[in-house]
There are 2 protein chains.
Amino acid sequence: MNGEYDFNREVSDKYSLRGRVFHKIRNDILNGRYKEHEELKEIRIGKELGVSRTPVREALRQLELEGLVQIIPNRGAFVTGIQENDVRDIYAIRALLEGLCARWATERITAEQLEAMEENVYLAEFHAGKGHMEQMAELDNQFHHILYDACGSKMLEHQLIDYHSYVMRIRRKTLSTIERSTASNKEHRAIMEAIRAGKADLAERLASEHMKNAYENMVKNRLYDIYKKDMED
Amino acid sequence: MNGEYDFNREVSDKYSLRGRVFHKIRNDILNGRYKEHEELKEIRIGKELGVSRTPVREALRQLELEGLVQIIPNRGAFVTGIQENDVRDIYAIRALLEGLCARWATERITAEQLEAMEENVYLAEFHAGKGHMEQMAELDNQFHHILYDACGSKMLEHQLIDYHSYVMRIRRKTLSTIERSTASNKEHRAIMEAIRAGKADLAERLASEHMKNAYENMVKNRLYDIYKKDMED
DNA sequence: TCTTGCATAATTGTATACATTTAATGCAAT
DNA sequence: ATTGCATTAAATGTATACAATTATGCAAGA
């Protein structure tokens, strides 16, 4: 009888056809199956997944939302090209927003979230000692998502997740040196301890610098160029 | 023979059916024709515009991109609700990003863009003297778009335009006091002069404070609440 | 050899039909 | 009057057919 609905709840949408198609294409882009500027043809993808063009079209239009796909009218959908300038800009933006996120997290984090963060840091240090690069990358992603969740702002969280997935294609490669991973762990621990101690200014500064360091490391190692060349085969 | 295409060019898409539907619904939301949480039914909109459901569906999915519409699987598309928390968060985010934008604009603005900005400031002061509120609002929008364009970053520009349209529904109301408009003009002039003088730090600080002032003014006047009540009729 | 033009094929854009899911309705039982 | 359930209606999800647009191939001519 009542028209109530919780508009704030998260909708997974993983079980509709469009949802499945969406996640499939998304993963394929993030994992590097598709090259930059590669055309994503509706018929081919539909045939591959055993669905018609309709859900594929809609999935592509939703992927444009995340910036992973660009749609040109009457031409088609293309994997977004990663310009070096864009990467630089995104890291600059993230440096500010992750800082803000850490500040708000300091003020609003719950006991459970803090515990999850602590567990993440410990686990990451464990795997760093063993040289488990795969787990490290996953834990790094997880750390940031915990942080996003803890800031208590749907707007900011959504924004940061978008950027995060946008650069994940690159980050997968850049994090894969044991030196940077170890340094990154230390920075995560510092951020976590600042949040736990309630030092908002410090947490903000540390999270911001964490981004800048990640970017500088990437540039220093020129891994982005290697990735780009790798994609052009 | 060549598969060349400038992926950086802007696509207007105003001449396809989906494009027309998109802009129609978007304007209706921004102008307050639809209430918050109002359901946007595909058939009704299609009938109103004389098109089938398909372009309407795709337009709605693109509007989700701008955050103006929320789609719930198997339920429908709804006008996004503006939570007070969201407004607060967006202004906090914009305070940082407009600052960054002003900083980059200081370093990269062209002579033409600077001239456009100067003209805008002069015009705004003229209309403020005459009490032309309608033109003031338009010029305010224009000032920020010039600034976004001048920062030389497609990523940042796109981001700021998104937020800008998201809060435009509210801003239309909040700017409509002559006191705030006059103060806003002064702030615009100060930002413009800092950019012209090449003072990046100052420009960043001023642009950031400009946002904080706009938000505080809004809260002070409780115009947001008035707007909300207005929408519930 | 290079360009131009046209015919053809391939692809996206839109409309429509059908399937599935959700909401609304009505009515009987309590 | 209210609850519960079955039925009906209505809306979205998906598939498919057709229209419009764009890409491709090839032949004719400079």
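Residue numbers begin at 1 in each chain, while the letters A, B, ... track the order of the sequences.
Distances shorter than 4.0 Å separate some side-chain N or O of B/Arg61 from OP1 or OP2 on D/dG13.
Note: NZ (B/Lys41) to P (D/dG13) measures 14 Å, nearest angstrom. Rounded to an integer number of Å, the gap from CG of A/Leu17 to C1' of D/dT12 is 13 Å. Atom pair A/Glu39:CD and D/dA23:P shows a separation of 9 Å (rounding to whole Å applied). Taking atom CZ of residue A/Arg75 and atom P of nucleotide C/dA10, one finds them 18 Å apart after rounding to whole Å. Look at CD1 on A/Ile43: it is 12 Å from P on C/dG13, rounded to the nearest Å. When the C1' atom of C/dT11 is taken as reference, atom CG of A/Leu40 falls 14 Å away, rounded to whole Å. If you measure from atom CD of B/Glu42 to atom C1' of D/dG13, you get 9 Å, rounded to the nearest angstrom. Atom-to-atom, CZ of B/Phe22 to P of C/dG13 comes out at 15 Å; the value is rounded to the nearest Å.
Note that the CD atom of B/Glu134 and the CG atom of B/Leu139 stand 11.0 Å from one another [nearest 0.5 Å].
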- Should A/Met218 and A/Val87 be marked as a side-chain contact (heavy atoms from CB on, under 4.5 Å) after you check the CA-CA gap, both sets of side-chain angles, and the distance that decides it? CA-CA 10 Å; A/Met218 195 178 73; A/Val87 175; 3.3 Å; yes
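Applying a 4.0 Å cut-off to non-hydrogen atoms, the residues of residues 44-57 of chain A that approach DNA chain D are A/Val51, A/Ser52, A/Arg53, A/Thr54, A/Pro55, listed by residue number.
Of the options A/Lys154, A/His164, A/Glu98, a side chain to side chain donor-acceptor pair (under 3.5 Å) to A/Tyr148 is made by A/Glu98 and by none of the others. For the salt bridge (charged side-chain N to carboxylate O under 4.0 Å, His left out) with A/Glu48, the lone residue among A/Lys41, A/Lys24, A/Arg20 that qualifies is A/Lys24.
Proximity note for A/Arg18 (side chain, C-beta onward) versus D/dA11, C/dT12, D/dT14: the nearest is D/dT14.
Pairs passing the salt bridge (Lys or Arg N to Asp or Glu O under 4.0 Å) check and including a residue from residues 58-69 of chain B, sequence neighbours excluded, read A/Arg57-B/Glu58, A/Glu58-B/Arg61, A/Arg61-B/Glu58, B/Arg18-B/Glu58, B/Arg26-B/Glu66.
Residues A/Met117 and A/Ile195 form a side-chain contact, since some pair of their non-hydrogen atoms from C-beta on lies under 4.5 Å apart. A/Phe78 has its side chain out of reach of A/Leu40: every pair of non-hydrogen atoms, C-beta onward, lies at least 4.5 Å apart.
If you find the closest nucleotide of DNA chain D to A/Asn74 and to A/Glu58, the one lying nearer the 5' end belongs to A/Glu58.
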